[in-house]
Student: 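Once you've had a glance at the structure underneath, I'll fire off some questions.
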Amino acid sequence: MPTDDTIAAIATPAGSGGIGIIRISGPEAENILLRLFQPSHPLVIFQPRRLYHGDLVCPETGRALDEVLITLMKGPHSFSGEDTLEIFCHGGILILESVLSSVLKAGARLAEPGEFTRRAFLHDRIDLTQAEAIGDMISARTSRGLETAVSQLKGKLKGKIDVLREKLIDILARLETEIDFSEDVASQSSSEVSSQLQSLSEDLAALLRSYEQGKIDRHGASVVIAGKPNTGKSSLLNVLLEEERAIVTPIPGTTRDFIEEAVNIRGMSIRLTDTAGIHPTEDIIEQKGIQKVWEKLADADGVILLFDGSRPLTDEDRGILTRLADCRVLPVINKTDLDHRLEEEEISDALQGTTPIWISAKFGEGIPVLKEEISRLVMERAGIQDGEIVISSLRQKMALERTLQFVDQTLAGLREGLSPEFAALDIRDALEALGEIGGETATEQILDRIFTTFCIGK
Ligand SMILES: Nc1nc2c(c(=O)[nH]1)N(C=O)[C@@H](CNc1ccc(C(=O)N[C@@H](CCC(=O)O)C(=O)O)cc1)CN2
Ligand SMILES: Nc1nc2c(ncn2[C@@H]2O[C@H](COP(=O)(O)OP(=O)(O)OP(=O)(O)O)[C@@H](O)[C@H]2O)c(=O)[nH]1
Ligand SMILES: [Mg+2]
């Protein structure tokens, strides 16, 4: 993909809108403007970053394609860092396509997905964490996901990585001076290097742990509703979704398959799954279904374990409780509108550190408290603290893991008397791995992988 030519694309979504934007970036941007735009007032020059009104004219026919506003931004003072022309058209797909087609004839080529942002990266306007943040902002579906992406675009993660890099460079400098020093100066400094490395290793590990949160912010968390038959699992799903999604009947065994829907709880996207009631059965089909429920429970970020409060605890309930003792379980007792016949102590004893919440799925009682607890369960699972810096892509995570690996390897080596020359080599590897996150040491392949997930025009 050449980087010194001029690219163009429709920057607004396909479909009708009030305004549609054509974006053009590269050295030909100004010439394209001169060829296609007829200002409504005669002009000597176009001043950068001002809006001009006029017609966009097809040079072959002399016909006006649209009445538009345009602005020209001169590099490096533009998003891409290059000369950029933006044409604000009426937002109809035929209008935009005809204007784009004239722009392409006038000297631009169609941009690849993400190519404007890629150029912003290549011109050092943004680093890779910020480029990824732009993609995440556009695809965000929850307020938390959006918040994380915005703070990443503002350079929060970049700043954190820069601090880590400074520390590595400092360590490298110490190791390199040691190479030239006598044994005893070196051994004293070596123990300092070790403690610096130790603290760096902890910083890296803490940042790595934030991946779980980043993942939940972007993709949401999975919460499974489980319990024996007829406790009101499907009723609970419906009340949380605020729609009659699952079939509810008084007959135990109504739900046979998973019913999965996403719901927004406190700015987090939660995928809720209603499941078949767990119970001992001879029926092969049911057995298979229940087996699948157990598998689903093992993968979930959280489990709502539902009991029927109008009946005493049964052996079935106890069996499920024992088997889920080690999962992230929120015990919930349903049908609080009926007479209470269930001893909740037995549940809190089995699930240490939990207190069951009483609700009525049928009448909506206790649902706000339950929502609060669901979000707490999921946030705890991810170790989420508000406002913390998080990593947000698998790519960042893998690069950090390799950095950590080199740091730990150096630490272990130094303990066994590794010479500073070799330790310095490991640290250089760590720096290289860390540099991939911001993109200083990223390959074409990595860039391709990131930018091809973007839309055209971004
Ligand atoms: N019309 C339009 N809206 C847009 C964008 C765009 O490119 N065009 N953006 C693109 O995605 C986003 C905004 N991001 C931008 C980032 C930097 C610059 C820019 O021109 N920066 C210059 C000048 C800054 C200044 O005024 O001081 C610079 O940093 O030198 C423009 C947009 C969202 N809205
Ligand atoms: N009184 C009362 N009845 C409820 C409540 N929640 C559910 N029910 C009733 O309990 C029965 C079973 O409800 P479901 O939601 O189908 O229960 P389930 O756990 O999905 O059942 P299976 O799919 O068979 O495992 C229905 O008759 C519901 O109307 C509640 O809060 N109070
Ligand atoms: Mg059901």
Side-chain angles (χ1 to χ4, degrees), residues 9 11-12 19-25 29 48-51 69-88 114-121 123-126 130-131 133-135 137-138 150 153-155 225-240 244-259 272-279 281 286 289-290 293 304-311 316-317 320 332-341 357-367 370 454-455 457-458:
T12 40
I19 296 172
I21 304 178
I22 307 275
R23 196 184 213 185
I24 299 142
S25 175
R49 315 182 92 226
R50 286 191 63 158
L51 273 183
L69 284 171
I70 62 100
T71 189
L72 180 69
M73 289 165 269
K74 298 289 283 178
H77 301 299
S78 69
F79 170 68
S80 64
E82 303 174 332
D83 285 2
T84 298
L85 172 64
E86 289 187 350
I87 307 174
F88 305 97
E115 200 172 358
F116 293 93
T117 311
R118 189 172 185 147
R119 288 190 172 191
F121 166 72
H123 292 117
D124 272 334
R125 311 280 306 156
I126 52 174
Q130 291 169 310
I134 291 173
M137 278 171 64
I138 291 171
V150 170
L153 177 64
K154 292 278 159 220
I225 306 172
K228 71 176 181 197
N230 219 39
T231 52
K233 299 178 293 301
S234 302
S235 307
L236 177 57
L237 177 82
N238 289 345
V239 71
L240 287 171
E244 298 303 306
R245 173 70 179 80
I247 296 170
V248 170
T249 76
I251 305 159
T254 300
T255 308
R256 291 296 185 103
D257 228 327
F258 297 126
I259 302 174
L272 282 175
T273 309
D274 177 24
T275 60
I278 298 173
H279 66 112
T281 170
E286 277 193 318
I290 291 168
V293 174
I304 296 175
L305 186 51
L306 197 62
F307 300 92
D308 181 344
S310 69
R311 291 153 191 273
E316 270 169 85
D317 290 312
I320 301 172
V332 177
I333 306 173
N334 191 27
K335 310 194 188 181
T336 185
D337 53 289
L338 302 178
D339 284 345
H340 293 194
R341 296 227 170 76
I357 308 164
W358 287 82
I359 62 158
S360 169
K362 194 166 183 171
F363 298 104
E365 208 175 311
I367 299 303
L370 176 60
F454 277 61
C455 21
K458 188 55 248 175

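When a ligand or atom number is given, it counts from 1 through the structure's own listing order. Just so it is clear, the model here is predicted, and its values are computed rather than measured. Numbers for residues simply follow the sequence, beginning at 1.
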Student: Could you tell me which atoms of ligand 2, counted from 1 in the order shown, lie closer than 4.0 angstrom to a heavy atom of Ile251?
Tutor: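 Listed by number with element: 24 (O).
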
Student: Relative to the heavy atoms of Leu338, which atoms of ligand 2 are at a distance of less than 4.0 Å?
Tutor: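 Contacts of ligand 2 toward Leu338, numbered from 1: 1 (N).
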
Student: Verify side-chain contact (heavy atoms from CB on, under 4.5 Å) between Glu86 and Arg23, making sure each step is shown before the conclusion.
Tutor: CA-CA 5 Å; Glu86 289 187 350; Arg23 196 184 213 185; 4.1 Å; yes

Student: Please state which protein non-hydrogen atom is closest to atom 10 (C) of ligand 1 and give its distance, to 0.1 Å?
Tutor: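 I find the closest protein heavy atom is Arg23 NH2, 3.1 Å.
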
Student: Atoms of ligand 2 less than 4.0 Å from Thr249 heavy atoms?
Tutor: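 Counting atoms of ligand 2 from 1, those under 4.0 Å from Thr249 are 11 (C), 12 (C), 13 (O), 16 (O), 26 (C), 27 (O).
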
Student: Is atom 27 (O) of ligand 1 in close reach of the protein, with a heavy atom under 4.0 Å away?
Tutor: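 Not a single protein heavy atom is under 4.0 Å away.
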
Student: To the nearest 0.1 Å, how far is atom 30 (O) of ligand 1 from its closest protein heavy atom, and which atom is that?
Tutor: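 Here the nearest protein heavy atom works out to His77 ND1, 2.9 Å.
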
Student: For atom 21 (N) of ligand 1, find the nearest protein heavy atom and state the residue, atom name and distance (0.1 Å precision).
Tutor: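 Nearest protein contact, heavy atoms only, for atom 21 (N) of ligand 1 is Arg125 NH2, 3.5 Å.
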
Student: Just to confirm my output: which protein heavy-atom neighbour is closest to atom 30 (C) of ligand 2, and how far is it?
Tutor: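 Checked against all protein heavy atoms, atom 30 (C) of ligand 2 sits closest to Lys362 CB, 3.3 Å.
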
Student: Quick check on atom 3 (N) of ligand 1 - does any protein heavy atom sit closer than 4.0 Å to it?
Tutor: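 No, no protein heavy atom sits under 4.0 Å from atom 3 (N) of ligand 1.
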
Student: Which protein non-hydrogen atom lies closest to atom 7 (C) of ligand 2, naming both residue and atom, and how far is it?
Tutor: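 Nearest protein contact, heavy atoms only, for atom 7 (C) of ligand 2 is Ser235 OG, 3.3 Å.
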
Student: Nearest protein heavy atom to atom 12 (C) of ligand 1, by residue and atom, and its distance?
Tutor: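 Result: Lys458 NZ, 4.9 Å.
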
Student: Relative to the heavy atoms of Lys233, which atoms of ligand 2 are at a distance of less than 4.0 Å?
Tutor: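 Those atoms are 15 (O), 17 (O), 18 (P), 19 (O), 20 (O), 21 (O), 22 (P), 25 (O).
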
Student: Which residue and non-hydrogen atom of the protein lie closest to atom 18 (C) of ligand 1, and at what distance in Å?
Tutor: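 Here the nearest protein heavy atom works out to Phe79 N, 3.7 Å.
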
Student: Is the closest protein non-hydrogen atom to atom 34 (N) of ligand 1 under 4.0 Å?
Tutor: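 When distances to the protein are checked, atom 34 (N) of ligand 1 has no heavy atom within 4.0 Å.
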
Student: As a test of understanding, state which of Thr12, Leu69, Ile87 forms a side-chain contact (heavy atoms from CB on, under 4.5 Å) with Ile21.
Tutor: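 It is Thr12; the other options fail the test.
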
Student: So if I count the atoms of ligand 2 from 1 in the order they appear, which ones are less than 4.0 Å from some heavy atom of Gly277?
Tutor: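 The atoms of ligand 2 under 4.0 Å from a heavy atom of Gly277 are 25 (O).
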
Student: Please could you name the atoms of ligand 2 that Asn230 approaches to less than 4.0 Å, counting only its heavy atoms?
Tutor: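 It comes down to these atoms of ligand 2: 11 (C), 12 (C), 17 (O), 18 (P), 19 (O), 21 (O), 22 (P), 24 (O), 25 (O).
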
Student: For ligand 2, which atoms sit closer than 4.0 Å to a heavy atom of Asp337?
Tutor: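 With Asp337 as reference, the close atoms of ligand 2 come out as 1 (N), 2 (C), 30 (C), 31 (O), 32 (N).
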
Student: Please state whether the separation between the Mg ion (ligand 3) and some N/O/S atom of Ser235 is under 2.8 Å?
Tutor: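 No N, O or S atom of Ser235 is closer than 2.8 Å to the Mg ion (ligand 3), so no.
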
Student: Any idea which protein heavy atom is nearest atom 28 (C) of ligand 2, and the distance to it?
Tutor: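 The protein heavy atom lying closest is Val248 CG1, 3.6 Å.
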
Student: Give the atoms of ligand 2, by number and element, whose distance to some non-hydrogen atom of Pro252 is under 4.0 Å.
Tutor: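 Ligand 2 atoms under the 4.0 Å threshold to Pro252: 24 (O).
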
Student: To the nearest 0.1 Å, how far is atom 6 (N) of ligand 2 from its closest protein heavy atom, and which atom is that?
Tutor: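 The protein heavy atom lying closest is Asn334 ND2, 3.0 Å.
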
Student: Is it true that Asn238 lies under 4.0 Å from ligand 2, counting heavy atoms only?
Tutor: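 The answer is no, since Asn238 has no heavy atom less than 4.0 Å from ligand 2.
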
Student: Taking 2.8 Å as the cut-off, does Thr255 contribute an N, O or S atom near the Mg ion (ligand 3), distance below it?
Tutor: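 Under 2.8 Å: Thr255 contacts the Mg ion (ligand 3) through an N, O or S atom.
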
Student: Give me the nearest non-hydrogen protein atom to atom 19 (C) of ligand 1 as residue plus atom name, then the distance to 0.1 Å.
Tutor: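 It is Ser78 C, 3.6 Å.
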
Student: With the threshold set at 4.0 Å, does a side-chain nitrogen-carboxylate oxygen contact exist between Lys233 and Asp274?
Tutor: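 A salt bridge is absent here (no side-chain N lies under 4.0 Å from a carboxylate O).
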
Student: Polar contacts were defined as any N/O atom of the residue lying under 3.5 Å from an N/O atom of the ligand; does this apply to Thr336 and ligand 2?
Tutor: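 No; the residue has no nitrogen or oxygen that sits under 3.5 Å from a nitrogen or oxygen of the ligand.
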
Student: More than 12 heavy atoms of other residues, nucleotides or ligands under 6.0 Å from CD1 of Ile19: yes or no?
Tutor: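 Counting other residues, nucleotides and ligands, CD1 of Ile19 stays at 12 neighbours or fewer.
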
Student: Around atom 10 (O) of ligand 2, find the nearest protein heavy atom and jot down its residue, atom name and distance.
Tutor: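 Going atom by atom, the protein heavy atom closest to atom 10 (O) of ligand 2 ends up being Lys335 NZ, 3.1 Å.
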
Student: I need the nearest protein heavy-atom contact for atom 23 (C) of ligand 1: residue, atom name and distance, please.
Tutor: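 Closest protein heavy atom to atom 23 (C) of ligand 1: Arg49 NH2, 3.2 Å.
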
Student: Which residue supplies the protein heavy atom nearest to atom 6 (C) of ligand 1, what is that atom called, and how far is it?
Tutor: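 Among all protein heavy atoms, the one nearest atom 6 (C) of ligand 1 is Glu86 OE2, 3.4 Å.
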
